[in-house]
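Please read all numbers here as calculations on a predicted model, not as lab measurements.
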Amino acid sequence: MTGRPEPIYKRVLVKVSGEALMGPDAFGLHQPTVDRIAADIAATHSLGVEVAVVVGGGNIFRGVQVSSQGVDRATGDYMGMLATVMNGLALSAAITRQGTQARVLSALDMPAVCETYTRPRALAHLDRGRVVVFAAGTGNPFFTTDTAAALRAVETGCEALLKATQVDGIYSADPKKDPTATRFDRLTHDDVLHRDLKVMDAAAFALARENALPVIVFSIHEPGSISAVVRGEGRATTVAS
């Protein structure tokens with residue numbers, strides 16, 4: 001007996017940004033950081049929690065940035081989706097090395113690389129105790145991976161969306177730029193939308209609000225932060241109706 005609280009969620013989706021996978025590097029994948037995040041995901045899974053993951057691609061490619069340089073936005077977004085597939089494969093491999101089965105499901109059809117996303121397939125993997133890593137966003141341009149995270153969480157019946165960020169919750173302003181920024185412990189979905197707090201895009205929060213999906217914002221830099229959040233511990237901001 002450890003005396004630690006039992007998980008308060010049975011199935012969660014973790015949104016991991018591409019930037020989180022860079023660690024201290026300026027670009028690409030920092031393998032020790034990828035392995036640490038994978039270990040936390042595996043530890044969370046070992047608690048009996050079913051875990052899905054949506055991964056971003058900003059450490060490799062950003063469609064919005066290249067669209068400002070002459071590439072049309074749709075093409076740039078598709079290129080960004082391919083970056084998320086690469087990250088998904090790397091994270092899945094790292095989770096597997098932890099002794100936990102994982103599968104990558106891509107919203108873009110590329111059967112030689114990974115499985116194609118369908119809701120029944122994702123649910124079957126989760127029911128069989130596998131971590132599911134969703135890649136390629138929603139498969140559509142003009143939608144962020146935040147929106148993909150909210151969509152996949154609702155589609156697969158997750159009880160919470162865990163948004164891993166660079167800071168330990170939601171603040172009234174960027175705490176790295178404004179030392180007077182106020183940190184919130186709890187907010188409603190409407191609070192986030194009305195205050196225009198820039199943590200996830202408005203479409204993602206609106207989808208979460210419509211489906212009464214709690215969003216928990218926490219720092220990915222703290223070891224064990226994912227497993228702490230699912231036990232109701234750790235430093236985080238909870239957004240719920």
Side-chain angles (χ1 to χ4, degrees), residues 9-18 20-21 28-29 31 34-35 37-61 63 74-164 204 207 211 213 226 230:
Y9 304 107
K10 295 181 180 179
R11 178 178 290 177
V12 298
L13 186 142
V14 184
K15 168 63 197 312
V16 178
S17 69
L21 304 179
L29 295 165
Q31 197 58 52
V34 175
D35 289 339
I37 294 171
D40 195 2
I41 291 171
T44 302
H45 181 269
S46 71
L47 296 173
V49 180
E50 296 173 354
V51 183
V53 182
V54 165
V55 64
N59 57 318
I60 299 174
F61 192 90
T75 299
D77 282 355
Y78 281 120
M79 294 167 71
M81 291 177 211
L82 297 178
T84 73
V85 175
M86 289 188 279
N87 284 339
L89 292 170
L91 186 58
S92 174
I95 294 169
T96 300
R97 287 195 298 272
Q98 295 291 328
T100 300
Q101 291 189 39
R103 296 289 188 275
V104 179
L105 270 61
S106 168
L108 297 178
D109 189 19
M110 48 182 73
V113 176
C114 58
E115 296 181 55
T116 302
Y117 171 78
T118 66
R119 180 173 177 269
R121 181 175 292 156
L123 292 172
H125 283 314
L126 289 168
D127 289 341
R128 291 169 184 163
R130 296 164 181 155
V131 172
V132 177
V133 181
F134 296 117
T138 66
N140 301 288
F142 306 103
F143 289 92
T144 69
T145 51
D146 281 347
T147 299
L151 176 63
R152 297 292 184 246
V154 171
E155 285 182 313
T156 56
C158 291
E159 297 175 348
L161 193 168
L162 314 185
K163 165 74 171 175
L207 184 59
N211 291 276
L213 175 69
I226 300 172
V230 299

Pairs flagged by side-chain hydrogen bond (donor to acceptor under 3.5 Å, both in side chains) wherever residues 99-108 is involved - sequence neighbours left out: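 For residues 99-108, and leaving out neighbouring residues, the side-chain hydrogen bond (donor to acceptor under 3.5 Å, both in side chains) pairs sorted by first residue read Gln101-Arg130.
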
Residue pair Leu105, Arg121: steps toward the side chain to side chain contact (heavy atoms under 4.5 Å, CB included) verdict: CA-CA 9 Å; Leu105 270 61; Arg121 181 175 292 156; 4.2 Å; yes

Heavy-atom pair of closest approach, residues [X] and [Y]:
X	Y	result
Leu213	Cys158	CD1-O, 3.5 Å
Gly137	Ala107	O-CB, 3.6 Å
Tyr9	Glu159	CA-OE1, 3.1 Å
Thr156	Ala122	CG2-CB, 4.2 Å
Val34	Ala90	CG1-O, 4.1 Å
Ile95	Ala102	CG2-CB, 3.9 Å

Would a distance-only check, ignoring hydrogens and angles, find a side-chain to backbone donor-acceptor pair under 3.5 Å from [X] to [Y]?
X	Y	result
Asp127	His125	no
Arg11	Val51	no
Ser46	Ala43	yes
Thr145	Gly56	no
Asn59	Gly28	yes
Thr147	Phe143	no

Given side chains that start at C-beta, do those of [X] and [Y] come closer than 4.5 Å, heavy atoms only?
X	Y	answer
Tyr78	Leu108	yes
Leu13	Val53	no
Phe142	Asn140	no

Interatomic distance, [X] atom [atom1] to [Y] atom [atom2] [nearest 0.5 angstrom]:
X	Y	atom1	atom2	value
Leu91	Thr84	CG	OG1	11.5 Å
Leu161	Asn211	CG	CG	11.5 Å
Thr44	Ile226	OG1	CD1	5.5 Å
Met79	Ile60	CE	CD1	12.0 Å

All pairs passing salt bridge (Lys or Arg N to Asp or Glu O under 4.0 Å) where residues 143-154 contributes a residue, at least two apart: Lys15-Asp146, Asp146-Lys163, Arg152-Glu155

Evaluation steps, side chain to side chain contact (heavy atoms under 4.5 Å, CB included), between Ile41 and Val131: CA-CA 8 Å; Ile41 291 171; Val131 172; 4.1 Å; yes

Leu21 and Val55: CA distance, side-chain angles, deciding distance, side chain to side chain contact (heavy atoms under 4.5 Å, CB included) verdict: CA-CA 9 Å; Leu21 304 179; Val55 64; 3.9 Å; yes

Test: Glu50 and Lys10 ion pair at under 4.0 Å: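 No.
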
Worked check of side chain to side chain contact (heavy atoms under 4.5 Å, CB included) between Leu82 and Met110: CA-CA 10 Å; Leu82 297 178; Met110 48 182 73; 3.7 Å; yes

